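Single-structure report; data block below.
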Amino acid sequence: MAKFYLGVDIGSLTTKIVLINDAAEIVGRATGRSGYSGKEIAMRLAAGLLENNGLKTSEVVATVATGYGRVTFPADREISEITCQARGIAHLFNRARTVIDIGGQDSKVIKLLPGGKVADFAMNDKCAAGTGRFLEVMAGALEVKVEELGDLAARAGESCPISSICTVFAESEIISHISAGKSKPDIVAGVCDSVAARVTSMTARTGLEQEVVFTGGVARNNGVVNALARHLGCTLSVPPEPEITAALGAALSALGFSKN
Amino acid sequence: MGQQRRYKQLESTAQLKKLITRYYALSRYHRLWGRPLKRPLAWVTSGAPVELLRAFKIHSVYPEQYGALCSTSKATLGLCQEAEAAGYSPDLCSYATSNIGSVLKADIAPMKGLPKPDLVVACNNICGTVLKWYEALARHFQVPLIVIDTPFLTGDMTDHAKEYVLEQFKDLISQMEKLTGRNFNPGELGKISDLSNEAVGLWKEIRGLCRAKPSPLNGPDLFIHMAPIVVLRGTREAADYYRLLKDEVKKRVEREESALEEEKIRLVWDNIAIWSNMFKFFKMFSERGACFVTDTYTGGWSMEIAPGDPLESLAATYTEVFLNRSPEFRAKQIIDLIKEFKADGFVMHSNRSCKPYSLVQEVIRKRVMQETGVPGLVVEADMADPRAFAEEPIRNRVQAFLETLSD
């Protein structure tokens with residue numbers, strides 16, 4: 001019987017699951033909005049994933065849960081997303097030394113040792129500034145979709161400064177920019193710059209070592225990717241599916257401890 | 001204290017409770033005995049030269065220690081809100097705001113607040129906030145304010161700094177002679193300093209016993225049992241208490257008894273405890289076998305008064321308090337603790353309230369990691385205000401940190 005390993009990442013905004021096989025290859029993945037019960041969403045996603053691949057529950061020999069909802073999910077182990085993220089990224093990019101992860105309500109910088117062990121990490125304070133949630137609020141104020149932010153930023157002439165680090169105050173700053181007649185692209189560029197500046201100062205705490213990998217849902221936003229590369233003064237590698245790397249790390253951990 | 005099943009309480013705790021209860025009862029009923037015995041009551045900062053006040057038979061109470069007590073009794077939030085409603089900023093030190101809150105609304109404060117002072121004494125060796133805090137208290141109670149200004153030491157102690165503090169001590173003495181109607185007796189000060197040294201020496205020995213593997217004490221033990229060294233320093237009771245505690249801790253070491261069920265990871269703690277959630281917080285570590293074998297905070301009370309002229313020695317001791325020292329000094333302190341106690345890592349509480357303690361931590365953290373090669377974690381919270389304690393983000397960081405240590 002073939003053996004499979006499940007990684008479940010229940011984040012503050014989205015739930016991600018990844019299924020891998022014995023050879024550490026991704027067999028399937030699924031994502032959904034965490035909503036009220038990330039656990040139920042994760043269970044539903046897992047059931048769907050198994051069905052689509054024609055697999056039985058018994059073929060999944062180990063499960064690791066990570067993310068904010070990790071303790072709610074009936075997994076074999078729960079591991080913090082810092083450890084999982086490090087594992088997932090080290091698997092995809094073996095020369096990665098710095099991981100920048102911007103998720104729904106967390107942004108973090110992880111410094112990796114060769115081999116993927118965590119040497120140090122820094123996370124945002126008890127505040128949503130510089131996170132996916134921040135971008136959602138700003139997109140809401142501008143009446144655009146989060147996915148449109150990247151293209152809008154690319155069309156900017158001059159980025160509008162967003163000085164506040166508080167999400168609520170930054171939103172009112174945007175409203176002032178709107179009433180001052182600034183263009184949407186310029187405001188969006190300012191929003192991306194503000195996220196990049198915030199994460200850059202966090203990077204100073206751990207130290208920046210290349211190769212730098214940018215992951216998490218926000219890494220899909222080219223506006224932030226470009227702003228961050230500019231602020232850090234280096235190129236960034238972005239995984240093809242940046243939101244699932246912690247779930248992948250969780251699945252790899254499940255594979256790792258089942259083998260030992 | 002029964003909140004944590006795994007927490008192994010020391011037997012001495014019963015005596016500790018007795019001692020502190022008696023101290024607070026004496027303080028509370030000071031009005032009945034203080035005036036007839038001509039023994040004024042002072043509110044003092046934790047780093048005030050209490051030996052000098054004791055030499056004039058002044059009874060000292062500690063708003064900071066009371067602030068910790070308010071926090072463990074879950075009263076801080078209401079008290080801070082009271083002070084904030086009166087216009088004090090929520091960005092101020094939570095010991096200051098909760099204390100001011102307890103003055104403004106005694107009926108929601110533990111023990112109905114501290115007894116009214118006859119004078120207040122602030123020494124800025126621990127921070128600058130105490131100056132304005134104690135000014136506000138002096139204004140409210142209409143009592144004299146004594147300020148002792150200890151210059152910040154960027155390097156080692158200087159003659160000039162010592163002289164400057166010594167002059168202020170002499171000033172304080174003449175003020176106290178007037179206020180109490182007693183003459184200064186250097187012999188009495190010498191005796192009190194000896195008693196301080198006795199307790200401090202024992203506290204130092206107790207802390208030193210935690211070099212043992214496994215450690216006989218964990219962070220919460222140090223934080224709980226530090227109370228007498230703060231509020232009863234310079235008394236026979238404090239010295240006696242620490243002798244009792246030392247005997248018990250020594251027995252634990254002889255029996256190779258660990259503070260935890262199983263010690264797997266040894267850590268050093270930096271900053272004041274998170275009193276509002278102390279057991280819940282330390283449990284995040286103890287349930288994974290991580291023990292705080294030593295810390296920088298309770299070590300602040302293990303500084304002996306040097307032999308020689310007691311007044312000069314006091315001036316040096318109170319100026320050389322670690323919070324009054326450079327980041328280099330503080331980094332070295334943690335580096336030495338890590339080496340001496342064979343620690344695997346360190347945890348810094350970035351304490352929103354305590355700026356002098358917390359603002360330089362990132363600089364110190366980098367230096368310590370570089371020098372020792374062991375990882376350091378920063379946790380954001382507040383010593384007293386529960387609003388600054390975000391449980392999930394903290395748990396997340398702690399778990400990730402411990403995972404890096406258990407690989």
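Reminder, nothing fancy here: chain letters follow the sequence lines and each chain counts from 1. Only a predicted model underlies this, so the values are computations on that prediction, with no experimental measurement involved.
Of the listed residues (D106(A), T206(A), D120(A), I82(A)), the one with the most heavy-atom contacts under 4.5 Å to chain B is D120(A).
For the pair R330(B) and F322(B), the NZ or CZ position fails the cation-pi test of under 6.0 Å to the six-membered ring centre and within 45 degrees of the ring normal.
Of the two parts of L377(B), only the side chain, counted from C-beta on, holds a non-hydrogen atom closer than 4.5 Å to a non-hydrogen atom of chain A. Both the backbone and the side chain of E392(B) come within contact range of chain A, with heavy atoms under 4.5 Å apart. Both the backbone and the side chain of E78(A) come within contact range of chain B, with heavy atoms under 4.5 Å apart. Heavy atoms of A86(A) lying under 4.5 Å from chain B are absent altogether.
Aromatic rings from F223(B) and W275(B) are positioned such that their centres are separated by under 6.0 Å. Aromatic pair F292(B)/F285(B): centroids less than 6.0 angstrom apart.
When the options F346(B), F282(B), Y297(B) are evaluated for a ring pair (Phe, Tyr, Trp, His ring centres under 6.0 Å) with W269(B), the one that passes is F282(B).
Here S286(B) contributes atom OG and E262(B) contributes atom CD; the two are 12.5 Å apart, rounded to the nearest 0.5 Å.
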